[in-house]
Amino acid sequence: MSLNTFFHEPRDGGRTYVWLRIAFGLTAVLWLLSLHPFLGFFYGAEGLCPPERFALPAWAVTAAWWGTLAAVVFAAAGRFYCPSSVVQFLGIVFFFRTPCRPDNYGDQIFASLAFLMMFLPRSPGDASPWLHKTLRLYAGTLYLVPLLYRLGGAQWWDGTAAWTALADPSTSRVWLLLSRNPWSLPDWVYAAITYASLAFEGLFPFLIWIRRLRLPIVIAGVIFHVAMGSVLDLGLFPLQMIVVLIGCLDDGSISRARASAGSP
Amino acid sequence: MSRFKPHALTSLAVVYLLSLWVFQLPDSGVERFLAAVFRPVQKIMHTDRLYRMYAPDPRAVKRMPFLELRTERSPVRFLKSLPGSGDRWGLLGVFSKEKWANFLDSLSKAVRGERFFLTQDEGERAFRKLAEKICRLESSEGDAVLSVALKSRRVEYGEFKGDIVWGQPETGDSFPCP
């Protein structure tokens, strides 16, 4: 099978690309709103860490923020998609790349996804699955690389990694609860969370390629990230990962799941 | 779709994924050679970050940075939000707070000389600007801010089901208001 066949066959109706476009747009709006309090602090010539070669005046920073917001809304609605997705990418990169670096992994993943979104297939009824397949390989890398490093970590083998993450006062929402009563949950709960996380991250890169299992593994991923976002303060990282997961779904995996659910 | 477009998109996908995978390679001669080739592409496509979250283990020791103010009326006051905001974060405070915490972490590491996003010089310049803003925006009639300190506390919490141990605050940098 040639690379072209792998990336561009089988073609479908492109309905899930519409979902991806809207999910990306909604998350981008939330991301921009979360940056709004910092426009005067992080960006431009008067900011705390002005970029060396690209320091805009304060009014230009505000204009860039509004311009990006407008582009995100237009792109999500599918209006003037080509120019608005380019402005969306440039705006997201500008606000991501401040030397103050208030970002997390999710923001970097989001900026990278904004690059790919400029090439989103938009031919209704005859869409190439190349972006779904690229995102499956991308998401697989995001899960598999940390897992390979974790093989060398003692806490992942003895099942205590979840405890350490949940007891971290810098990100955990429940550390105070745990520090008051570390025995509020039995040991096996932490071990179960640790091993379930490893199992999901290890299986996702492979199961996402099995059409019948694609929707269930994406649903498992959504639950995984919602649960993670509920107990750890990771900003928009869980939502940004959910957008990547939505991008892994093609029309075929949805219709197949529907057919299975409807069949006796 | 034109005949050229699928080839272009396939090339884009391959370059995108290769640039991502090259960045994840362990340090070696091959990695250094490929990194030099892919660096410009990684910058454009934003595939230039290592995805080693919590690897090999979640960290059991951290430093929690915070801003401590001395004012005319209070010897110690903590600034929990943006200067001049009166503890209001706007519509999406829950997400904005995380960004502010990440920034303070970057700043605190830079000021302590730890290698992170900001160099020590950039960190010290950013802290001075931040302190100047705090001196101006947090001062009120009869309660002027006298000094701003960026401190951090060492926290140990890794021992399974053990106590969380907080160290004494250490001063990273201090700025007297003019």
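In what follows, every chain begins at residue 1, and chains take the letters A, B, ... in the order their sequences are listed.
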Relative to chain A, which segment of B/P83 carries a heavy atom at a distance below 4.5 Å: side chain, backbone, both, or neither?
both
For chain A, which of B/F95, B/Y16, B/W21, B/Y54 has the most heavy-atom pairs under 4.5 Å?
B/Y16
Region of A/W175 in contact with chain B, defined by heavy-atom distances below 4.5 Å
both
Part of A/A154 within contact of chain B (heavy atom distance under 4.5 Å)
both
Where does the angle between the aromatic ring planes of A/F24 and A/F110 fall among parallel (under 30°), tilted (30 to 60°) and perpendicular (over 60°)?
parallel
Using heavy-atom distances under 4.5 Å, tell me whether A/Y190 contacts chain B through its side chain, its backbone, both, or neither.
side chain
Between B/L130 and chain A, which part of the residue has a heavy atom less than 4.5 Å away: side chain, backbone, both or neither?
both
Quick one: of A/P99, A/A161, A/P169, who has the most non-hydrogen atom pairs under 4.5 Å with chain B?
A/P169
Please determine whether side-chain contact (heavy atoms from CB on, under 4.5 Å) holds for the pair B/L9 and A/N4, giving the CA-CA distance in whole Å, both sets of side-chain angles, and the decisive distance to 0.1 Å.
CA-CA 9 Å; B/L9 290 174; A/N4 263 342; over 6 Å; no
Is A/R180 close to chain B through its backbone or its side chain, or both, or neither, when contacts mean heavy atoms under 4.5 Å?
neither
Is the shortest heavy-atom distance from the side chain of B/V61 to the side chain of B/V155 under 4.5 Å?
no
Contacting moiety of A/D107, where chain B heavy atoms sit under 4.5 Å
side chain
Proximity breakdown for B/S106 and chain A, heavy-atom pairs closer than 4.5 Å
side chain
Of B/P176, B/C177, B/S147, which meets side chain to side chain contact (heavy atoms under 4.5 Å, CB included) against B/R70?
B/S147
Heavy-atom distance under 4.5 Å to chain A: side chain of B/E122, backbone, both or neither?
side chain
Give, as side chain, backbone, both or neither, the part of A/F115 having an atom under 4.5 angstrom from any heavy atom of chain B.
side chain
Heavy-atom pairs under 4.5 Å with chain A are the metric here; pick the option from B/K62, B/K97, B/R52 that has the most.
B/R52
B/F127 vs B/S108 side-chain heavy atoms within contact, under 4.5 Å:
no
Does any heavy atom of chain A fall under 4.5 Å from the side chain of B/W100, the backbone, both, or neither of them?
both
In terms of heavy-atom pairs under 4.5 Å with chain A, the winner among B/G93, B/P26, B/G123, B/A55 is B/A55
Are A/Q108 and B/Y51 close enough that a side-chain donor and a side-chain acceptor fall under 3.5 Å?
yes
Find the one option among B/L20, B/L50, B/L118 whose heavy-atom pairs under 4.5 Å with chain A are most numerous.
B/L20
Could you look at A/L166 and say if it's the side chain, the backbone, both or neither that has a heavy atom under 4.5 Å from chain B?
neither
Taking it one step at a time, do B/F23 and B/F38 satisfy ring pair (Phe, Tyr, Trp, His ring centres under 6.0 Å)?
CA-CA 9 Å; B/F23 210 85; B/F38 279 96; over 10 Å; no
A/R136 and A/D250 ion-paired at < 4.0 Å
yes
cation_pi(B/R49, A/Y105) dist<6.0 Å, angle<=45
yes
Can we call the ring centroids of A/Y43 and A/F38 under 6.0 Å apart?
no
Does B/R154 CZ have over 12 foreign heavy atoms under 6.0 Å away?
no
Can you say whether B/D105 sits under 4.5 Å from chain A via the side chain, the backbone, both, or neither, judging by heavy atoms?
neither
What part of A/T98 gets within 4.5 angstrom of chain B, counting heavy atoms only: side chain, backbone, both, or neither?
neither
Where does A/F6 contact chain B at under 4.5 Å (heavy atoms): side chain, backbone, both or neither?
neither
Chain B shares the most heavy-atom pairs under 4.5 Å, among A/D103, A/L147, A/L3, with A/D103
State, yes or no, whether a side-chain contact exists between A/L148 and A/V145 at a heavy-atom distance under 4.5 Å.
no
Ion pair present between B/K129 and A/E46, side-chain N to carboxylate O less than 4.0 angstrom?
no
Please identify, among B/K133, B/K99, B/M64, the residue contributing the most non-hydrogen atom pairs under 4.5 Å to chain A.
B/K99
Ignoring hydrogens and geometry beyond distance, is a side-chain donor-acceptor pair present between A/S112 and B/H46 at under 3.5 Å?
no
Among A/G152, A/S179, A/S170, which has the most heavy-atom pairs under 4.5 Å with chain B?
A/S170
Sort out for me which of A/A111, A/C49, A/A114 touches chain B most, counting heavy-atom pairs under 4.5 Å.
A/A111
Would you say that A/R101 contacts A/F96 through its side chain, given a criterion of any heavy-atom pair below 4.5 Å between the two side chains?
yes
Check whether A/L234 gets within reach of chain B through its side chain, its backbone, both or neither, counting any heavy atom under 4.5 Å.
backbone
Honestly, the part of A/W130 sitting under 4.5 Å from a heavy atom of chain B is side chain
